[in-house]
Amino acid sequence: MLYTMQQTFSQRVYEVVRTIPRGETRTYAYVALCAGNSRAVRAVGNILHKNYDPSIPCHRVIRSDGRLGGYNRGIQNKRRLLLKERAI
DNA sequence: CGTATGACGTGCA
DNA sequence: GTGCACGCCATAC
């Protein structure tokens with residue numbers, strides 16, 4: 001898992017999040033780890049915050065302490081989506 | 001270039 | 001359970 005082909009960290013984050021199966025969740029720390037930098041958890045949040053691509057299920061990314069975190073389309077929407085997928 | 005931002009994580013009171 | 005301080009890092013400006 002290295003930064004090949006000039007891929008930016010954000011692009012790797014998008015890839016990882018896209019692979020999250022329906023009905024499951026991942027933590028920001030997990031995404032950061034898979035993206036290549038386990039300490040960039042904060043950057044992951046920053047990146048997903050600016051992402052508006054619907055093909056990326058960023059609502060399945062939650063915090064490590066069990067809370068949902070945030071969502072660029074409203075935290076209510078995020079919770080509703082997760083409940084609908086029975087991810088929580 | 002330097003500074004600010006933020007959907008985090010941990011520790012502690 | 002709550003709240004705060006600090007560290008941490010890719011981006012935006």
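Below, read A as the first sequence line, B as the second, and so on, with proteins coming before strands; counting in each chain starts at 1. Source: prediction; values computed, not measured.
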Response to the item:
When every non-hydrogen atom of Gly70(A) is compared with those of Ile75(A), the smallest separation belongs to CA-CD1, 4.4 Å
Practice prompt. Go through dT11(C), dT2(C), dC9(C) for me and flag the one nearest to the Ala40(A) side chain.
Written response: dC9(C)
Discussion item. To check you understand the geometry: which heavy-atom pair defines the closest contact between Phe9(A) and Ala43(A), and what is its length?
Written reply: CE2-CB, 4.3 Å
Worksheet entry | Separation of dA10(C) P from Arg39(A) CZ (nearest whole Å) | 9 Å
Worksheet item: Does Arg26(A) make a cation-pi contact with Tyr30(A) (under 6.0 Å, within 45 degrees of the axis)?
Response: yes
Worksheet item: Does Arg67(A) pair with Asp65(A) as a salt bridge, N-O distance under 4.0 Å?
Response: no
Worksheet item: Which letter, B, S or -, goes with each nucleotide of nucleotides 5-10 of chain B from 5' to 3', with contact meaning a protein heavy atom under 4.0 Å?
Response: BBBBS-
Which pairs would a plain distance check flag for residues 47-59 of chain A, meaning a side-chain donor or acceptor within less than 3.5 Å of a matching protein atom at least two apart in sequence or in another chain?
residue, atom, partner, partner atom, Å
Asn51(A), OD1, Asp53(A), N, 3.1
Asp53(A), OD1, Ser55(A), N, 2.9
Asp53(A), OD1, Ser55(A), OG, 2.7
Asp53(A), OD2, Ser55(A), OG, 3.1
His59(A), NE2, Glu85(A), OE2, 2.9

Worksheet entry | Phosphate-side-chain proximity, Thr8(A) and dA10(C), N/O vs OP1/OP2 below 4.0 Å | no
Discussion item. Quick check on DNA chain C: between Arg67(A) and Ser10(A), whose nearest nucleotide comes earlier from the 5' end?
Written reply: Arg67(A)
Worksheet item: With the 4.5 Å side-chain cut-off for hydrophobic clustering, are Val61(A) and Val13(A) part of the same group?
Response: yes
